[in-house]
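All remarks here apply to the structure that follows.
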Number of protein chains: 2
Amino acid sequence: MNSKPTIHDIAKALGIDSSTVSRALNDSPRVSQKTKKKIIAKAQELGYQRNLLASNLRKNVSRTIGVVVPRISRYFFSSAIQGIEEAAYLAGYNVIICQSLEELEREQKIVEGLIANRVDGLLISISMETLNYNHLQAVINSDIPLVFFDRYCNLQGCSNVLIDDFNCGFNATEHLIQQGCKNIVHFSGPQYLKIYENRLEGYKAALKKYEVTFQHIISSKLMEVDGYNSMISALEAHPNIDGVFSANDVAAVGAMTYLKAQQIKIPDDVAIVGFSNEPISRVIEPALTTIDQSGLKIGEKATALLLNYIANKEASNETQTVMVDSNLVIRSSSKKMI
Amino acid sequence: MNSKPTIHDIAKALGIDSSTVSRALNDSPRVSQKTKKKIIAKAQELGYQRNLLASNLRKNVSRTIGVVVPRISRYFFSSAIQGIEEAAYLAGYNVIICQSLEELEREQKIVEGLIANRVDGLLISISMETLNYNHLQAVINSDIPLVFFDRYCNLQGCSNVLIDDFNCGFNATEHLIQQGCKNIVHFSGPQYLKIYENRLEGYKAALKKYEVTFQHIISSKLMEVDGYNSMISALEAHPNIDGVFSANDVAAVGAMTYLKAQQIKIPDDVAIVGFSNEPISRVIEPALTTIDQSGLKIGEKATALLLNYIANKEASNETQTVMVDSNLVIRSSSKKMI
DNA sequence: ATATAAAATCCAATCGATTGTATATTAGCA
DNA sequence: TGCTAATATACAATCGATTGGATTTTATAT
């Protein structure tokens with residue numbers, strides 16, 4: 001009574017073979033409509049539910065995709081996961097979520113484990129330490145489709161789902177310039193991460209376009225404390241700084257904490273723009289101007305792409321880079337009353 | 001070459017039976033040390049990795065636990081998930097994460113799906129709409145261990161991992177009273193959720209102990225907008241309100257938004273205490289006094305408990321309620337300079 | 001050296017679903 | 001009616017690992 005009914009139970013109950021039951025439940029044309037109806041009715045009656053383990057074993061798939069993010073509790077990633085879960089769930093896929101905590105070693109172990117677990121595909125946003133791509137190459141070698149989202153690296157045979165970081169960096173910086181900032185510092189992440197490189201390039205391009213000669217870049221891991229310290233060192237080096245473009249919101253918050261402690265007025269003395277539109281940016285005072293990137297959309301798109309590759313592996317040859325739209329959300333932290 | 005080696009490949013390579021290989025890899029006493037060594041060496045050499053699907057099918061387990069939370073992107077839940085993932089990963093369990101989005105219907109479907117997926121256990125923090133427990137009873141009937149965390153309900157045969165909501169509610173209210181508040185309103189969640197009931201009871205108990213006669217309670221879903229509206233209606237009904245104890249931080253933030261817009265001073269005119277210590281509470285101005293509840297710890301404890309029940313199902317008879325410590329974090333939003 | 005116990009290994013069924021092939025049934029047509 | 005073609009169903013192997021029971025090998029005692 002306790003154990004679930006199987007196709008064999010259905011078959012026995014109807015005096016037919018289990019293979020016919022299996023085919024009927026999979027809507028195979030090899031079974032007549034009449035028997036199909038009988039079988040489906042009986043399945044309902046017995047409360048039959050397909051055993052996915054058995055099915056997947058036989059079909060040599062896992063119906064599972066692996067997801068690796070730096071940290072679940074970062075809002076951007078938790079909303080990306082929300083998007084991934086939604087899309088995967090609808091397609092009947094399970095999702096294994098893992099976090100690298102920004103450590104390469106952990107990321108390597110996780111990826112190994114996911115390969116061992118025979119995931120059908122992998123979505124990853126790499127850690128800040130990920131300089132070495134061997135573990136990712138191993139995924140490709142195992143013939144497991146791999147899609148990067150947000151933090152990507154240029155790896156042959158992988159697709160990416162991103163926002164246009166260059167443009168966002170450009171827009172953020174342009175906005176500061178238009179507010180009258182002349183000395184804008186940029187807080188960047190590790191340089192080997194493409195997204196930070198792109199945001200930085202956007203920053204540079206805007207400065208160039210508007211013929212702003214001042215340029216100052218501080219790289220860090222962009223944690224709150226890094227933003228705080230970067231702000232200190234930036235002002236020490238250049239007391240006349242009047243604008244900050246931070247490559248994430250958290251570091252921007254750190255910078256604001258320091259500025260407020262020093263009674264430096266935001267935005268009048270120093271205007272600030274962050275990146276990601278974390279919930280915190282809306283609440284902090286003054287509210288933080290930032291780039292809105294929808295984790296939800298990015299997660300959904302990345303999953304759709306991955307599932308497509310899983311469904312027809314040939315498609316994996318045509319790698320692509322999908323851009324998800326994003327836009328500058330202007331709030332008080334950058335609005336100088338000129 | 002592409003396909004992974006199996007125990008049969010190892011067996012063939014060594015001229016022995018696959019059952020011996022299986023036993024050796026599971027460190028069974030039925031295999032001699034000598035052959036064990038040979039087998040393990042060969043497994044290493046071939047890069048063998050156990051196929052969990054096959055193993056689990058045979059053992060009739062899934063090595064998977066299901067997790068249902070209202071919303072992944074809420075910081076408390078994403079950190080609980082972090083704790084769950086950690087604990088589960090160490091024990092070799094996969095985790096399926098699902099979100100009810102506070103909808104009962106979705107929660108029911110999810111739980112059904114998880115039963116069908118044959119999860120070995122279930123962790124759940126119920127939605128705000130969950131008045132009906134049939135779907136949860138079905139889990140118990142299917143002999144799947146079930147542990148509630150944070151938002152629980154009294155169901156025979158389930159354990160809970162919680163913080164002491166009553167005490168927290170008491171402490172929060174007591175703190176406001178000690179700051180000189182005489183007219184404290186409480187923003188509560190749906191009454192059928194135990195945690196809100198307990199927080200409310202703590203509020204009442206503190207009022208009673210200090211012989212404060214004013215009492216006003218507004219129930220809502222505690223979203224930001226609810227906090228905003230509750231604040232309006234509270235002040236309309238009782239313009240002399242000088243304290244707010246909100247059962248979550250988000251609603252407290254909503255209330256603060258309204259107060260600040262009305263130029264009502266926090267904490268001097270109205271002191272505020274929230275609940276959960278979301279990141280936002282530290283950054284908002286004035287910084288929000290709140291109850292710190294570690295999602296990480298709660299997630300870890302809940303998982304440990306669940307895994308224990310999975311390992312020895314008899315233990316499930318002894319249900320228990322584990323209390324994780326939590327404490328009042330006093331910040332500016334409630335510190336009146338008396 | 002032989003009988004017996006103990007240890008090591010092998011055999012075969014099993015978990016539940018899927019799928020290629022073979023057989024049985026029905027329908028269509030001359 | 002008899003024959004072929006088409007349709008429907010049954011049989012049996014398979015996915016990879018596990019496990020109870022049978023068998024073989026080795027060690028111990030007589």
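We name chains A, B, ... by the order of the sequence lines, and we start the count at 1 in each one.
With hydrogens and angles left out, the side chain of A/Ser19 and the base of D/dC11 share a donor-acceptor pair within 3.5 Å. Between the side chain of A/Arg23 and the base of C/dG20, at least one donor-acceptor pair of N or O atoms lies under 3.5 Å. In this model, a side-chain donor or acceptor of A/Arg30 finds a partner on the base of D/dT9 within 3.5 Å.
Remark: P of D/dA8 and CD1 of A/Ile16 are 14 Å apart, rounded to the nearest angstrom. When rounded to the nearest whole Å, the span between CG of B/Asp27 and P of D/dT19 equals 14 Å. Rounded to whole angstrom, the span from the NZ atom of B/Lys59 across to the P atom of D/dG20 amounts to 13 Å. Atom pair A/Lys34:NZ and C/dT25:P shows a separation of 14 Å (rounding to whole Å applied). Between the P atom of C/dC15 and the CD1 atom of A/Ile7 lies a distance of 12 Å, rounded to the nearest Å. Per the geometry, CG belonging to A/Asn56 stands 16 Å off C1' belonging to D/dA17, to the nearest Å. In this structure, CZ of B/Arg63 is placed 16 Å from P of D/dA17, rounded to the nearest angstrom. Atom CG of A/Asn60 and atom P of D/dG16 are 6 Å apart (whole Å).
Within the structure, a side-chain polar atom (N or O) of A/Thr35 is placed less than 4.0 Å from OP1 or OP2 of D/dT9. Side-chain N/O atoms of B/Asn26 include one lying less than 4.0 angstrom from OP1 or OP2 on D/dT18.
At the heavy-atom level, A/Val31 lies under 4.0 Å from the strands shown only through sugar-phosphate atoms.
Residue whose closest nucleotide on DNA chain D sits further toward the 5' end, between B/Leu57 and B/Asp17: B/Leu57.
With a 4.5 Å cut-off on side-chain heavy atoms, A/Asn134 and A/Gln108 do not count as touching. Side-chain contact between B/Val68 and B/Gln99 is absent, with no heavy atoms from C-beta onward closer than 4.5 Å.
Closest to the B/Arg58 side chain, of the nucleotides D/dA10, C/dA17, D/dA17, is D/dA17. Closest approach to the B/Ser32 side chain among C/dT14, C/dC11, C/dA8 is made by C/dA8 (side chain taken as heavy atoms from C-beta onward).
Taking every heavy atom of residues 40-55 of chain B and every atom of DNA chain D, pairs under 4.0 Å involve B/Tyr48, B/Arg50, B/Asn51, B/Ala54, B/Ser55, by number.
Between B/Arg106 and A/Glu86 there is a salt bridge, with a side-chain nitrogen of the basic residue lying less than 4.0 Å from a carboxylate oxygen of the acidic one. A salt bridge does not link B/Lys297 with B/Glu300: every distance from a Lys NZ or Arg NE/NH1/NH2 to an Asp or Glu carboxylate oxygen is 4.0 Å or more. For the pair B/Lys36 and B/Asp27, the salt-bridge criterion is met [side-chain N within less than 4.0 Å of a carboxylate O].
With respect to B/Arg151, the salt bridge (Lys or Arg N to Asp or Glu O under 4.0 Å) criterion is satisfied by exactly one of B/Glu102, B/Glu107, B/Glu129: B/Glu102.
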### Task
Check the pair A/Leu114 / A/Glu112 against side-chain contact (heavy atoms from CB on, under 4.5 Å), numbers first and verdict last.
CA-CA 5 Å; A/Leu114 290 173; A/Glu112 263 176 45; over 6 Å; no
